[in-house]
Amino acid sequence: MYINITQNETGNNKGSSGQLVTYLEKENRLAEKLNQPEYWFNQEGNNIQPYDVRYTIDNNIAKLSKDETKFFLINISPSEKEISYLKEQYGEDGAKQQLKQYANQVMNDYALNFKRTNINSNKDLVYFGKLENHRYYTYKDEEVKNGHAKKGDQKPGEQMHVQIIVSRKDASNSIKLSPLNNSRGKNQAHSLKVGQFDRVAFKQATEKRFDKMFSYERELKETFKYANTLKHGDYGQRLEMKEKQKEEQITKQERQQSHQQRSIFDTLLGKGSEKDMPNIPEDRKRKKRPDQSQGLGM
């Protein structure tokens, strides 16, 4: 699970959100012709129009100066494995609805991570989510630079993700909330004033949220902790993490071999069917006893 918080995918976030809302409507400009648009959503509804998004975000800016940030963009991007898992469990349309529900729960974790009085859940935030089914190549991608793809072409593979615009101000339009501040309680007075937002803790919380919601068995190499350690840890920490990953892989292989052996054993004892007998040659399977009457002239 990849979750990233930025100021604005299209540039300035110190003015209107209109440019970003329009940008995130790019798939709908084609989908509307097919009568299959993806509407905006939040904890209150699933059929929110883009003009309502822009109006609400742009009018939730009390006492913010001209040069202050007005909103942030949160990118929630499951891995291909996670998307495939959701589709296997819930089907194509069901996976979309489940991902939207998960996104709302992510915003619960977002609210709680500030550790601010009166900011207790997603109901205390002003935000809107937009599910996108694809990603598209930009001029920054190596495939475009190398001439293997064109700007605007769809990227291959499972690319379903959610983009969320969240207001800098809370639902009461009185409290400033910034997920990009670096305060983690080192200066208690400052933290109480602006709120502390630990981005590492936030990403770990949202990962655990996904696993719990969908009974997803996450391997070590899929975890944020694994990726973060390999990127930011010292040599000893990186080495230890790689050793743990190897141990997990060995244990997984041993478990799979044990399961296969049990399946074969159960089948031989008559507890399974022949289709459960992998790698057993045909001539070793139980043969039908010949008719004793054959060859006796009866």
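Atom set for the values below is all heavy atoms of this structure, side chains included, hydrogens, waters and symmetry mates excluded. For reference, positions follow the sequence shown, starting with 1. In this text, all values refer to a predicted model and were calculated from it rather than measured experimentally.
With values rounded to the nearest 0.5 angstrom, L99 atom CG is found 9.0 Å from M213 atom CE. Annotation: the span from F224 atom CZ to K231 atom NZ amounts to 9.0 Å, rounded to 0.5 Å. Separating the NZ atom in K246 from the OG1 atom in T251 is a distance of 14.0 Å, to the nearest 0.5 Å. Atom CD in E222 sits 6.0 Å away from atom CD in E82 (nearest 0.5 Å). Atom CZ in F114 sits 4.5 Å away from atom CG in L177 (nearest 0.5 Å). Between the NZ atom of K115 and the CG atom of N120 there is a distance of 12.5 Å, given to the nearest 0.5 Å.
Nearest heavy atom pair, residue K150 against residue V144, reads C-CG2, 4.1 Å. For S121 against A111, the heavy-atom pair with the smallest separation is O-CB, 3.4 Å. Counting all heavy atoms, side chain and backbone alike, K66 lies closest to K70 at O-NZ, 3.3 Å. What you find for F41 and K130 is that their closest heavy atoms are CE2-N, 3.8 Å. Minimum heavy-atom separation, R199 to P179: NH1-O, 3.1 Å. Annotation for H161 and P78: closest pair CA-CD, 4.2 Å, computed over non-hydrogen atoms.
Chaining together hydrophobic side chains whose heavy atoms lie under 4.5 Å apart leaves Y136 on its own.
For the pair D124 and I175, the minimum side-chain heavy-atom distance is 4.5 Å or more. Inter-residue side-chain proximity for R168 and I61 is flagged as unmet; no heavy-atom pair is nearer than 4.5 Å. Between S178 and F72 the shortest side-chain heavy-atom distance falls below 4.5 Å. In this structure the side chain of M160 never reaches within 4.5 angstrom of the side chain of E92, judged on heavy atoms. Contact check for L24 versus L73: side-chain heavy atoms found under the 4.5 Å cut-off. L220 is listed as a side-chain neighbour of M241, based on a closest heavy-atom distance under 4.5 Å.
With sequence neighbours excluded, the residues satisfying side chain to side chain donor-acceptor pair (under 3.5 Å) with S172 are D170, S174. Legend: residues meeting salt bridge (charged side-chain N to carboxylate O under 4.0 Å, His left out) with E207, ordered by chain and number and at least two apart, are absent. Not counting sequence neighbours, N113 has no partner by the side chain to side chain donor-acceptor pair (under 3.5 Å) test. In terms of the side chain to side chain donor-acceptor pair (under 3.5 Å) criterion, Y226 has no residue partners (sequence neighbours excluded).
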- Item | Verdict with supporting geometry, Y23 and Q163, side-chain hydrogen bond (donor to acceptor under 3.5 Å, both in side chains) | CA-CA 11 Å; Y23 172 76; Q163 303 271 25; over 6 Å; no
- Query: When you look at I165 and W40, which way does the side chain to side chain contact (heavy atoms under 4.5 Å, CB included) test go after all the steps?
  - Reply: CA-CA 10 Å; I165 303 176; W40 294 77; 3.9 Å; yes
- Task: Evaluate the side chain to side chain contact (heavy atoms under 4.5 Å, CB included) criterion for residues I57 and V126: first the C-alpha distance (whole Å), next the side-chain angles of each, then the deciding distance (0.1 Å), finally the verdict.
- Result: CA-CA 7 Å; I57 294 291; V126 175; 4.1 Å; yes
- Test side chain to side chain contact (heavy atoms under 4.5 Å, CB included) on Y216 and M1 and set out the steps. CA-CA 12 Å; Y216 183 77; M1 178 63 65; over 6 Å; no
- Please lay out, stage by stage, how T206 and I76 fare under the test side chain to side chain contact (heavy atoms under 4.5 Å, CB included). CA-CA 10 Å; T206 56; I76 303 174; over 6 Å; no
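Hydrophobic clustering (side-chain heavy atoms under 4.5 Å, transitive across Ile, Leu, Val, Met, Phe, Trp, Tyr) keeps L180 apart from L64. Y90 and I83 fall within the same hydrophobic cluster, defined by Ile, Leu, Val, Met, Phe, Trp and Tyr side-chain heavy atoms under 4.5 Å apart, directly or through other members. Taken together through direct or relayed side-chain contacts under 4.5 Å among Ile, Leu, Val, Met, Phe, Trp and Tyr, V166 and I5 form part of one hydrophobic cluster. A continuous path of ILVMFWY side-chain contacts below 4.5 Å connects V162 to F214, so both sit in one hydrophobic cluster.
Although no hydrogens or angles enter the test, the distance criterion places a donor-acceptor pair under 3.5 Å between the side chain of D141 and the main chain of T138. The backbone N or O of E158 lies less than 3.5 Å from a partner atom in the side chain of E80, making a donor-acceptor pair. Judged by distance alone, the side chain of S17 and the main-chain N or O of L20 form no donor-acceptor pair under 3.5 Å. A donor-acceptor pair under 3.5 Å is formed between the side chain of N13 and the backbone N or O of F71. Judged by distance alone, with hydrogens and angles left aside, the side-chain atoms of N146 form a donor-acceptor pair with the main-chain N or O of E142 at under 3.5 Å. Looking only at distances, no side-chain donor or acceptor of Q89 sits under 3.5 Å from a matching main-chain atom of L86. A donor-acceptor pair is defined here as one N or O able to donate and one able to accept, closer than 3.5 Å; such a pair exists between the side chain of N108 and the backbone of N122. A donor-acceptor pair under 3.5 Å is formed between the side chain of E27 and the backbone N or O of N133. Side-chain atoms of K169 come within 3.5 Å of backbone N or O of A62 as a donor-acceptor pair. Put simply, the side chain of N28 never gets that close to the backbone of E25: no donor and acceptor are under 3.5 Å apart.
Annotation for E217: atom CD does not count as buried by contact number, only 12 or fewer foreign heavy atoms lying within 6.0 Å. Environment of NZ in K100: crowded, with over 12 heavy atoms of neighbouring residues, nucleotides or ligands closer than 6.0 Å. Counted within 6.0 Å of NZ on K242, heavy atoms from surrounding residues, nucleotides or ligands total 12 or fewer; the atom is thus considered open. Annotation: K145, atom NZ; neighbour count of heavy atoms from other residues, nucleotides and ligands within 6.0 Å is above 12.
Of the N and O atoms on the side chains of Q159 and H134, not one donor lies less than 3.5 Å from an acceptor on the other residue.
Between F202 and F197, the ring planes lie tilted relative to each other; the angle falls in the 30° to 60° range.
Salt bridge status for K26 with E132: present, with a side-chain N to carboxylate O gap under 4.0 Å. Salt-bridge annotation for E240 and K244: present, with a side-chain N of the basic residue lying under 4.0 Å from a carboxylate O of the acidic one.
Annotation: cation-pi geometry not satisfied between K81 and Y85 (NZ/CZ under 6.0 angstrom from ring centroid, within 45° of ring axis).
The list of side chain to side chain donor-acceptor pair (under 3.5 Å) pairs with a residue in residues 42-54, not counting sequence neighbours, reads Q43-Y127.
With E68 as the partner, the side-chain contact (heavy atoms from CB on, under 4.5 Å) test is satisfied by one option alone out of K63, K176, K14: K176. Among K203, R209, K212, the single residue meeting the salt bridge (charged side-chain N to carboxylate O under 4.0 Å, His left out) criterion with D109 is R209.
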